[in-house]
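Right, one structure below, let's go through it.
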Amino acid sequence: MTSAGREQFDVIVVGAGPAGIAAATRAAECGARVAVVDDNPALGGQIWRGGAEKAEDMQAREWMNRFQKVGPRLFPGTRVIGQQQSGMLLAEERDVPRTLRYRTLILATGARERFLPFPGWTLPNVMGAGGLQALVKSGLPIHEKRVVVAGSGPLLLAVAAYLRRHGAEIPLICEQTSWTRLAGFGFSLISHPGKIAQGLKLKLGLGFVPFAANCWPLAAQGFDRLESVLVSRNGEKQEIACDYLACGFHLVPNNELAALLGCELRGGFVAVDDFLRTSVPAVYCAGELTGIGGVELAVVEGEIAGLAAAGDESAARALFGNHRKLQKFVSSLARAFAPREELKSLSSPETIVCRCEDVTFARMGGHASSRAAKLHTRCGMGPCQGRVCGPAMEFLFSWEAASVRPPVFPARVASLSGMETELEVESDRTTGGTR
Amino acid sequence: MSEQITLTVNGIQVSVPRGTTVAVAVLLAGAICRHSVTDEPRAPLCGMGVCYECRVKIDDVSHCRGCQTLCEHGMNVRTDD
Amino acid sequence: MTASSHDVVVVGAGIVGAACALECARRGMRVTVLDRDVIGGGSTAAGMGHIVVMDDSPAQFALTQYSRQLWNELRDDLPAEVEFERSGTIWVAADEEEMEEVRRKHSYYTSRGVNAEIVNSAELAILEPNLRRGLAGGLLVPDDGVLYPPCAASFLIERAKAQGVAIHLGKAVQQIGRGRVRLSDGREISASVVVNATGAWAPELTPGLEIRRRKGHLVITDRYPGFVRHQLVELGYLKSAHSISSDSVAFNVQPRKTGQVLIGSSRQYGAESAEVEAEITAKMLQRAQYYMPGLAQLSAIRAWAGFRPATPDKLPLIGPAPEDPATYIAAGHEGLGITTSLATGRLIADQLTGADSSIPIGPYLPSRVAQEPSHV
Ligand SMILES: Cc1cc2nc3c(=O)[nH]c(=O)nc-3n(C[C@H](O)[C@H](O)[C@H](O)COP(=O)(O)OP(=O)(O)OC[C@H]3O[C@@H](n4cnc5c(N)ncnc54)[C@H](O)[C@@H]3O)c2cc1C
Ligand SMILES: Cc1cc2nc3c(=O)[nH]c(=O)nc-3n(C[C@H](O)[C@H](O)[C@H](O)COP(=O)(O)OP(=O)(O)OC[C@H]3O[C@@H](n4cnc5c(N)ncnc54)[C@H](O)[C@@H]3O)c2cc1C
Ligand code: FES
């Protein structure tokens, strides 16, 4: 235990998903003093959610063990809300403010699902696909529940497989994109597109689950919670009774903190060089934040950023080849799962687009920009700060994202008041070995 | 994993395994997290702390995200914070 | 003067430009409004929207009293999204010295027809249970109100449109003068009168105007209906708001109709960027919590900063530009432009039509400060 109450870290990693875990591990293995901050109560981010005990795949367990061996300081349940001054992050652990000093910062804040509005999507039990998965991982019983999985992206299959393993019944997986686009998605060797889905489904243990491309939700129906979903399937309407609709349209980056720090963005993603340095000195970025490319890419990026941040550029360079190879996946994913035009007309005038402020599609429509809409309808002014309706508006109205203002997440007034105690060093809060 | 945590949701006792989030406990208690500004019932959407649909009052603190908070013994959760 | 298709071109669709356009159109003028951004996207988007009578000077009192009356008359017409509420103001006195100010203010207001009531320490605690105990009391001004400024500006623009006003957004103006408006895209418009209603940016179009930017920060919370009931302003505010050169913060908290709490305020000179500064935000929030400890636990959703268009004597510039009778100025409303916008519209239209005004216009004429050398 250090006696001084204040501590400076060589490297702070924000986000403890695959990218963050790899970054922190690599940097700590180089001898850097590393801290990892994550909003979630446990390590793992989205896919490895729940920490080492719950990890279902090998890669996750290996990385978490390796992480624990070098024992970077972990701050679970702690969200970064802003920057007090250059080199000093402001965070909140539950309701207690903290400041954390860094020399180098690695942003690995990952991605969230893109939600698109359609009639009934605000009904209870209509959830994100990853959203329902996360709730099941945190205790929601799903056994014998009927779940329609809909939207877009490889996540749908992963989620369906996971839910099925936990006893759910999946009447249908609805993928909005077309078979042609799916075929273009890295599987061009296989001639018959239907086989792709078949192959993937078998691999994931989804053999008997119906999968439809060209299929998307038209309406979620029910009185005060979901009872059925109406889908468009190859141009025909079909109603499916269900307990849950798990629906997300691929992923969008959690770029708010990066934007607040002034990192240059390109098309919503953080612009980085080969070493994953952003446009802001001493700030690196890894994982889904630089492009949606899946867990393998997130891990390699984490490794490169962690090594580079800790000063081992040659080891980082050794990973460039693999990184480049995996990066190709990013653009093919984006192309394959880009939302189709028809999804822009799912909403009726009364459909709520901004769920925090209940702003309808009709009220937003007449405005010229997201800023004008925000100022005059309050859309995006609620506690989610536009994280849900922002990407939807970008798609629906082709508006640019609204600017980011602090705090990055809602925070207690006290936390923004500079009355926080600077981080106390307590050895019992480290995750692993003694340092 | 099998250790049970007991808490109350709107005054009703619920027991859940350790590691369960408050958002899940609310659903298990048959409750809805909140009503929107136009009075629609709402429940969790994202499960990962970004949508704020799972806001509840925990031990007298309003606007806490249920999905990012683990249940603890004796916690007092109220919906419609 | 060249024949022109417009009687009046208003540059700036903030709350002041909107009010001017509406009032000119009502008097039968053909009006066009130009703004480089969106309606109410400048200082109007940053302001608190407190409709308040203030008495820093007799002229300020006259203008705010007149304008507040105009807002209260408009009340029933305001659509829900303007979030107008007659919540009243309580000027909070921390100690006996400030109670002295309460009594002075009370007699000043009531003798001039503005309702006001002195409340003692115990009454204050009942009116606002979340204020800390031990405050001396305050002055309740029940007819003050609160609104949401960008939608108020939109409402005025909508009304103006119904009177035939044309509005062009996304049009930056590069130069004005002698009845001409040159847009950044090279086009020119001519008009009998051009109204410079560009607020904090007015000197860019009318060089020499004594308007400086006074930066202010605000923080808004999630919804906590009933946590605050009146707009609460510390009387120490007067002390700090007067100091023209140094940065200051004051306790100034507002209940929004949504149940949200809007926390202010700070005043800074010389800050060029509208970026939120952590340090002054922290000071402002500390001050607020000193008066209202319970604020500490509320969830803050957003912080932002904006610029008040400040003049040396804290009075707006309303009237012809000293060297160009075809240019009228309606700018420099400092921290009161939401309140005083409607009166400004009236005073501009009165001058353009030669009508008598309800209050003497002398104190607001731009020529009053033109005597002083302008520093570039
Ligand atoms: C909801 C969801 C479910 C998914 N499920 C699967 C799946 O089942 N199978 C699959 O193959 N892929 C899945 N993916 C994709 C997978 O997450 C990515 O391929 C990979 O995990 C990305 O890793 P990452 O480290 O970049 O980000 P993430 O794993 O998203 O980790 C980012 C972490 O940063 C934290 N964070 C963000 N902002 C802050 C802040 N300001 N302060 C503190 N912490 C912060 C987040 O809470 C999160 O824990 C899912 C993605 C999402 C969004
Ligand atoms: C923190 C803060 C709190 C406040 N609180 C209150 C309050 O409680 N009550 C109150 O009464 N007042 C308050 N105010 C003051 C009030 O917000 C301003 O006085 C008022 O908004 C000024 O309005 P305006 O129309 O003059 O300026 P603006 O709203 O700034 O409008 C000027 C317009 O001109 C446009 N423009 C500028 N240059 C050009 C150009 N070259 N070409 C085309 N268009 C141009 C801009 O885009 C803008 O839309 C507050 C201000 C701040 C900053
Ligand atoms: S469910 Fe979205 S924040 Fe909790």
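So you know, we letter chains A, B, ... as the sequences are listed, proteins then strands, and number each from 1.
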(request) Please confirm whether A/R387 makes a cation-pi placement over B/Y52, using NZ or CZ under 6.0 Å from the six-membered ring centre and within 45° of the ring normal. (result)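 That pair does not qualify as a cation-pi contact.
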Which pair of heavy atoms, one from [X] and one from [Y], lies closest together, and at what distance?
X: B/C51; Y: A/V388; answer: CB-CG2, 3.6 Å
X: A/L140; Y: B/V24; answer: N-CG1, 3.5 Å
X: A/R412; Y: B/H63; answer: NH2-O, 3.5 Å

Give, for atom [atom1] of [X] and atom [atom2] of [Y], the distance between the pair rounded to the nearest 0.5 Å.
X: B/I32; Y: A/N125; atom1: CD1; atom2: CG; result: 7.0 Å
X: B/E53; Y: A/C384; atom1: CD; atom2: SG; result: 8.5 Å
X: A/L135; Y: B/L27; atom1: CG; atom2: CG; result: 6.5 Å
X: A/N40; Y: B/C67; atom1: CG; atom2: SG; result: 8.0 Å
X: A/L132; Y: B/L45; atom1: CG; atom2: CG; result: 11.0 Å

For the interface with chain A, which of [options] has the highest count of heavy-atom pairs at distances below 4.5 Å?
options: B/V61, B/L70, B/V50; result: B/V50
options: B/T38, B/T69, B/I58; result: B/T38
options: B/C54, B/G49, B/P44; result: B/P44

(request) Would you indicate whether the side-chain heavy atoms of A/P383 and B/R55 approach each other to under 4.5 Å? (result)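 They are in contact (side-chain heavy atoms under 4.5 Å apart), so the answer is yes.
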(message) Quick check on the interface: out of A/P124, A/G248, A/C247, who has the most heavy-atom pairs with chain B under 4.5 Å?
(response)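 Of A/P124, A/G248, A/C247, A/P124 has the most heavy-atom pairs under 4.5 Å with chain B.
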(request) Quick one: which of A/Q385, A/R355, A/R112 has the most heavy-atom pairs under 4.5 Å with chain B, could you say? (result)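 So the answer, after comparing A/Q385, A/R355, A/R112, is A/R355.
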(message) Between A/F409 and B/Q68, is the side-chain contact (heavy atoms from CB on, under 4.5 Å) condition met? List the steps.
(response) CA-CA 13 Å; A/F409 277 106; B/Q68 296 300 95; over 6 Å; no
(request) Please name the residue in the list A/Q133, A/R49, A/E113 that meets the side-chain contact (heavy atoms from CB on, under 4.5 Å) test with B/M48. (result)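 Output: one option passes, namely A/R49.
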(message) Under a 4.0 Å threshold between the charged nitrogen and the carboxylate oxygen, would B/R42 count as salt-bridged to A/D224?
(response)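 Salt bridge between A/D224 and B/R42, a charged N being under 4.0 Å from a carboxylate O: no.
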(request) Would you mind checking which part of B/V16 comes under 4.5 Å of any heavy atom in chain A, side chain (CB onward), backbone (N, CA, C, O), both or neither? (result)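 For B/V16, no heavy atom lies under 4.5 Å from chain A.
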(message) Using heavy-atom distances under 4.5 Å, tell me whether B/L28 contacts chain A through its side chain, its backbone, both, or neither.
(response)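 When you check distances to chain A, only side chain atoms of B/L28 fall under 4.5 Å.
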